[in-house]
Amino acid sequence: SAKDMKHRLGFLLQKSDSCDYSSSQGKKEKISSSQRVSQEEVRKWADSLENLIHHDRGLAAFRAFLKSEYSEENIEFWVSCEDYKKTKSPAKLSPKARKIYDEFISVQATKEVNLDSCTREKTCHNMLEPTLSCFDEAQRKIFTLMEKDSYRRFLKSPYYLDLISPPGAGCGPENCKRSHTHTLDCNSNIISQCA
């Protein structure tokens, strides 16, 4: 539930605070500046799932959200396909393709994704002679599934809303600015821990 999620986020925020204080000041400054996500960038994530998952922090936030829903296999499959398409060596295509197929598509897959039988059969056939595009149709189907379902829920979840909330929301006037910046940094820390 949303209440449980906020409780967990609060716990993680406390945990990340204590970790920050134990590190050296220079390292702390480097971490918080590199992990800060601009409000403008976060707003773009609501424009499309593509904007979200093509941004490192957005992908990490979405992955953390999917883990909370026990459905991270979809984004893991999508990321694996993206990585697979960057394979340079023809000799590595077949073993990499087999690994993805066994992990996400086969009937005994440990992280089986939800594909219709036609797409599953076509992908199985593509495994006979794997090419860089052998998972394209399956990847498209999973992208569409995430776009229509989990992405919409993500935009209404604390994983997104806590990052997009306006400065000063829910804090006293004396430390509004500091508190909001700190919350954004902490959320970024949570995102990086989940990545």
Side-chain angles (χ1 to χ4, degrees), residues 1-23 27-28 30-84 86 100 103-104 109-114 138-167 169-171 179-195:
S1 72
K3 196 173 185 179
D4 291 340
M5 197 71 61
K6 284 196 174 196
H7 176 72
R8 275 186 243 144
L9 278 173
F11 175 74
L12 288 172
L13 288 174
Q14 289 171 354
K15 191 174 178 182
S16 67
D17 285 350
S18 61
C19 294
D20 280 353
Y21 294 129
S22 66
S23 64
K27 188 177 176 188
K28 185 179 164 189
K30 185 179 177 186
I31 286 171
S32 57
S33 65
S34 68
Q35 291 181 346
R36 193 168 290 138
V37 184
S38 75
Q39 288 291 302
E40 183 183 337
E41 194 61 49
V42 173
R43 278 188 204 96
K44 285 181 188 172
W45 299 350
D47 293 340
S48 71
L49 178 57
E50 271 190 41
N51 286 354
L52 174 68
I53 60 181
H54 283 100
H55 187 280
D56 288 344
R57 296 282 170 230
L59 177 61
F62 189 53
R63 184 175 285 183
F65 168 73
L66 290 176
K67 275 186 179 176
S68 77
E69 292 201 330
Y70 304 101
S71 63
E72 68 267 27
E73 69 279 351
N74 291 329
I75 196 65
E76 287 179 22
F77 173 67
W78 186 88
V79 169
S80 294
C81 291
E82 287 296 292
D83 179 58
Y84 175 78
K86 295 173 188 164
I100 292 170
E103 191 173 359
F104 298 103
T110 53
K111 300 175 182 177
E112 187 179 354
V113 290
N114 189 6
Q139 186 185 20
R140 250 190 318 276
K141 297 268 179 164
I142 293 304
F143 180 89
T144 303
L145 183 73
M146 290 190 296
E147 190 175 40
K148 290 180 176 176
D149 187 31
S150 44
Y151 171 61
R152 291 178 182 176
R153 285 197 309 279
F154 168 78
L155 294 177
K156 296 173 186 171
S157 78
Y159 288 90
Y160 180 71
L161 295 176
D162 285 355
L163 289 170
I164 198 67
S165 62
C171 63
S179 175
H180 175 67
T181 303
H182 180 68
T183 302
L184 189 59
D185 289 345
C186 286
N187 284 337
S188 300
N189 286 336
I190 289 171
I191 292 168
S192 67
Q193 288 170 4
C194 295

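If you're wondering where the values come from, they're calculated on a predicted model, not measured in any experiment.
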Which residues pass the side-chain hydrogen bond (donor to acceptor under 3.5 Å, both in side chains) test with Glu103, not counting sequence neighbours?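 Partners of Glu103 by the side-chain hydrogen bond (donor to acceptor under 3.5 Å, both in side chains) criterion, ordered by chain and then number, come out as Lys111.
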Looking at residues at least two apart in the chain, or sitting in another chain, which of them share a side-chain hydrogen bond (donor to acceptor under 3.5 Å, both in side chains) with Glu82?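 For Glu82, the residues satisfying side-chain hydrogen bond (donor to acceptor under 3.5 Å, both in side chains) (neighbours in sequence not counted) are Lys85, Gln139.
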Partner set under ring pair (Phe, Tyr, Trp, His ring centres under 6.0 Å) for Tyr84, not counting sequence neighbours: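 Result, ring pair (Phe, Tyr, Trp, His ring centres under 6.0 Å) vs Tyr84: Phe135.
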Residues in ring pair (Phe, Tyr, Trp, His ring centres under 6.0 Å) with Phe154, at least two apart?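 Phe154: ring pair (Phe, Tyr, Trp, His ring centres under 6.0 Å) contacts with Phe62, Phe65, Tyr160.
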Closest non-hydrogen atom pair, Phe104 against Ser80: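 Shortest heavy-atom separation between Phe104 and Ser80 comes out as CE1-OG, 3.7 Å.
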Give, for atom [atom1] of [X] and atom [atom2] of [Y], the distance between the pair rounded to the nearest 0.5 Å.
X: Ser68; Y: Tyr159; atom1: OG; atom2: OH; result: 4.0 Å
X: Arg63; Y: Ile53; atom1: CZ; atom2: CD1; result: 10.5 Å
X: His54; Y: Leu59; atom1: NE2; atom2: CG; result: 9.0 Å
X: Leu155; Y: Ile164; atom1: CG; atom2: CD1; result: 10.0 Å

List, one per line, each side-chain donor-acceptor pair under 3.5 Å for residues 142-152, sequence neighbours excluded.
from, atom 1, to, atom 2, distance (Å)
Thr144, OG1, Arg140, O, 3.0
Asp149, OD1, Arg153, NH1, 2.4
Asp149, OD2, Arg153, NH1, 3.4
Tyr151, OH, Trp45, O, 2.6
Tyr151, OH, Ala46, O, 3.2
Tyr151, OH, Ser48, N, 3.2
Tyr151, OH, Ser48, O, 3.3

4.5 Å side-chain heavy-atom contact, Leu163 and Arg57: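 The answer is no; the side chains never approach within 4.5 Å.
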